[in-house]
Colleague: 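Can you read through this structure? Questions will come right after.
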Amino acid sequence: MSTSVRFDRGHTDDLKSFLAASPSPYHAVANAAERLEKAGFRQVRETDAWDGSAGGRFVLRGGALIAWFVPEGAEPHTPFRIIGAHTDSPNLRVKPLPDTGSYGWRQIAVEIYGGTLLNTWLDRDLGLAGRITLRDGSHRLVNIDRPLLRVPQLAVHLDRSVNTDGLKLDRQRHMQPIWGLGEPEEGDLIRFVAEESGVAAADVTGWDLMPHAVEPPAYLGRDRELLAGPRMDNLLSVHAGTAALAAVVTGADGGSLPYIPVLAAFDHEENGSQSDTGADGPLLGTVLERSVLSRGGTIEDRARAFAGTVCLSSDTGHAVHPNYVDRHDPTHHPRANGGPILKVNVNMRYATDGSGRAVFAAACEKAGVPWQSFVSNNSMPCGTTIGPITAARHGIQTVDIGVAILSMHSARELCGADDPYLLANALTAFLEG
């Protein structure tokens, strides 16, 4: 399928900046909110009363963001067009009692978050990011973006079979980063983080901290046609969804859209979405219902609006791997820079059906964007996304899509450098209706 889209590396350049500035879900939603504010959106608090006037609004809760735009003259029963994504990525997370170590090494105790490829975290220079909670209940973002931690691999001389029998990592014993020499001292890490953040250590009563690789995103290849970077699963979709929503509402027809465009960026997808900021929680449904009611709607209007709503659940998928072609379906080989993928699984690990395919195809055709199909090899278990959760919890039509990448769940993933722009164009066309 040919494309009429003129490639714009400016979008991918901005994605590089977004990835580098978003080492945690909390940073990701803060950066997305900043972009939306520049497009005229304003933050509303869940504890305040909402009005139903036209304009863009967003809610922030932890590592989740829900943003929506009410066009002029929107009826209470006007359907929504939703882009769904998630802000979290598999990584390491700091434990409640982080200060540990032995034999003259100071270390940080971490848990494994999600289905990360453990070996990709070895021998990388790691910073530390996330948020701290202060005694008054407020939060402070933390981003120590310099080499601070390292998970050292065992030398080949002490593991002679590593290249023949494979690397075997114990999640508890082998993944604790080092960050200095000496004996561990209780409270040392949080004192250091507090000092870096400009607050008193005694005021820090909670934290959600995670190491991140400090190597910046970069173009790769002779012709710079690939992009390597962290957290593409799934900040690539969060960035594209934010760009699409901002483009739609600032366009010439932004005030007369036939739908209410929505961006729903959830946390905790990588561990099942069951949290107050995850797709399996009530956040999205509550926000949409309040939007209906604030415009004078009733439960009947809510039902009508939801019945006409469509969600594109955008998450990364698997590009065909040249070294492991046998792991892919024989007739479905998504390629880098081939455009976004439609993800299908008849057992509803993905929510796509035939009518959903038609919605996605129409959006891509309108945008002049090529697209591809992804389905798993029958002999391999299929992953899942927020798509089926969103469809089942809210009873709305949902379609699973994304960008094809290599090295999913690695500390550093790889995609075609043009695909993020193609995805953003398709999402923009979808929101326009």
Side-chain angles (χ1 to χ4, degrees), residues 19 22-29 61-65 84-96 98 108-122 124 126-131 149 151 167-177 207-213 217 228-239 264-281 283 313-319 343 345 349-350 376 380-390 400 402-415:
L19 292 172
S22 304
S24 78
Y26 315 109
H27 290 82
V29 297
R61 184 195 289 186
L65 174 148
H86 67 88
T87 61
D88 59 320
S89 302
N91 60 6
L92 312 178
R93 303 281 176 110
V94 175
K95 288 184 175 181
I108 302 301
V110 297
E111 278 190 279
I112 311 300
Y113 179 84
T116 186
L117 284 169
L118 297 179
N119 65 295
T120 68
W121 288 86
L122 302 179
R124 287 188 183 272
L126 305 174
L128 192 67
R131 68 177 183 178
L149 310 169
V151 183
L167 179 65
K168 297 178 175 63
L169 293 172
D170 183 280
R171 294 161 65 91
Q172 177 62 41
R173 292 186 295 122
H174 298 150
M175 296 305 299
Q176 309 307 310
W207 53 87
D208 302 279
L209 299 171
M210 55 205 75
H212 67 278
R231 300 176 294 280
M232 291 186 187
D233 180 12
N234 186 33
L235 294 188
L236 189 158
S237 294
V238 173
H239 176 264
F266 300 103
D267 201 353
H268 301 131
E269 188 272 349
E270 298 293 355
N271 61 10
S273 295
Q274 292 186 323
S275 71
D276 70 317
T277 53
D280 204 17
L283 181 59
S313 166
S314 181
D315 202 349
T316 54
H318 302 294
K343 301 158 77 170
N345 179 265
R349 299 292 284 173
Y350 302 130
S376 290
M380 304 289 293
C382 180
T384 190
T385 69
I386 64 169
I389 295 171
T390 303
D400 274 298
V403 162
I405 70 171
L406 292 181
S407 306
M408 187 184 295
H409 288 196
S410 169
R412 194 167 178 86
E413 297 159 326
L414 184 72
C415 76

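Along the sequence shown, residues are numbered consecutively beginning with 1. Any value given below was found using the heavy atoms of this structure, including those in side chains, with hydrogens, waters and symmetry copies removed. Computed from a predicted model, the values in this text were never measured in an experiment.
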Colleague: Any heavy-atom pair between the side chains of Leu149 and Val110 that's under 4.5 Å?
Modeller: no
Colleague: Taking Ser410's backbone N and O only, do any of them form a donor-acceptor pair with Ser407's side chain (distance below 3.5 Å, no angle check)?
Modeller: no
Colleague: We want to know whether Asn91 and His212 form a side-chain donor-acceptor pair, criterion being a heavy-atom distance below 3.5 angstrom.
Modeller: no
Colleague: Roughly how far, to the nearest 0.5 Å, is CG of Leu209 from NZ of Lys95?
Modeller: 15.0 Å
Colleague: Does any non-hydrogen side-chain atom of Ile405 lie less than 4.5 Å from one of Leu414?
Modeller: no
Colleague: Locate the shortest heavy-atom distance separating Pro25 from Met210; write the atom from each residue and the value.
Modeller: CD-SD, 3.9 Å
Colleague: Please tell me if the side chains of Gln176 and Val151 come closer than 4.5 Å, counting only heavy atoms from C-beta onward.
Modeller: no
Colleague: Kindly compute the distance separating CE (Met175) from CH2 (Trp121), expressed to the nearest 0.5 Å.
Modeller: 8.5 Å
Colleague: How far apart are the C-alpha atoms of Lys343 and Thr385, what are their side-chain angles, what is the distance that settles it, and do they pass the side-chain contact (heavy atoms from CB on, under 4.5 Å) test?
Modeller: CA-CA 10 Å; Lys343 301 158 77 170; Thr385 69; 3.7 Å; yes
Colleague: Is a side-chain donor or acceptor of Arg231 paired with a backbone partner of Asp88 at a separation under 3.5 angstrom?
Modeller: no
Colleague: Mind running side chain to side chain donor-acceptor pair (under 3.5 Å) on His409 and Asp233 for me, showing each step along the way?
Modeller: CA-CA 7 Å; His409 288 196; Asp233 180 12; 3.1 Å; yes
Colleague: Between Leu122 and Thr120, is any pair of side-chain heavy atoms under 4.5 Å apart?
Modeller: no
Colleague: Would you give the length of the straight line joining atom CG of Asp400 to atom CG of Asn345, rounded to the nearest 0.5 angstrom?
Modeller: 9.5 Å
Colleague: Are Tyr26 and Asp267 close enough that a side-chain donor and a side-chain acceptor fall under 3.5 Å?
Modeller: no
Colleague: Between CD1 of Ile108 and CG of Leu128, what distance do you get to the nearest 0.5 Å?
Modeller: 7.5 Å
Colleague: Do any N or O atoms from the side chain of Thr87 and from the backbone of Gly63 form a donor-acceptor pair under 3.5 angstrom?
Modeller: yes
Colleague: What verdict does the side-chain contact (heavy atoms from CB on, under 4.5 Å) test give for Leu169 and Asn119, after you've listed the backbone C-alpha separation in whole Å, the side-chain angles of each residue and the deciding distance to 0.1 Å?
Modeller: CA-CA 8 Å; Leu169 293 172; Asn119 65 295; 4.3 Å; yes
Colleague: Should Met232 and Arg412 count as side-chain neighbours, where that means a heavy-atom distance under 4.5 Å?
Modeller: no
Colleague: Does any non-hydrogen side-chain atom of Thr316 lie less than 4.5 Å from one of Met408?
Modeller: yes
Colleague: Residues in side chain to side chain donor-acceptor pair (under 3.5 Å) with His27, at least two apart?
Modeller: Ser24
Colleague: Please name the pair of heavy atoms, one in Ala129 and one in Pro23, separated by the smallest distance, quoted to 0.1 Å.
Modeller: CB-CG, 3.4 Å
Colleague: Measure the spacing between CZ of Arg93 and OH of Tyr113 and express it to the nearest 0.5 Å.
Modeller: 5.0 Å
Colleague: Do the non-hydrogen side-chain atoms of Glu269 and Asp315 ever get within less than 4.5 Å of each other?
Modeller: yes
Colleague: Please report the shortest heavy-atom distance between Phe266 and Ala64, naming the atom on each side.
Modeller: CA-CB, 4.2 Å
Colleague: Are Pro230 and Ser89 packed together at the side-chain level, in the sense that at least one heavy-atom pair is separated by less than 4.5 angstrom?
Modeller: no
Colleague: Measure across Cys415 and Ala404 and return the closest heavy-atom pair with its distance rounded to 0.1 Å.
Modeller: CB-O, 4.2 Å
Colleague: What are the two closest non-hydrogen atoms of Gly62 and Arg131, and how far apart are they?
Modeller: CA-NH1, 3.7 Å
Colleague: Heavy atoms only: give me the nearest Leu19-Leu235 pair and the separation to one decimal.
Modeller: CD2-CB, 3.7 Å
Colleague: Taking atom OG1 of Thr277 and atom CZ of Arg61, what is their separation to the nearest 0.5 Å?
Modeller: 7.5 Å
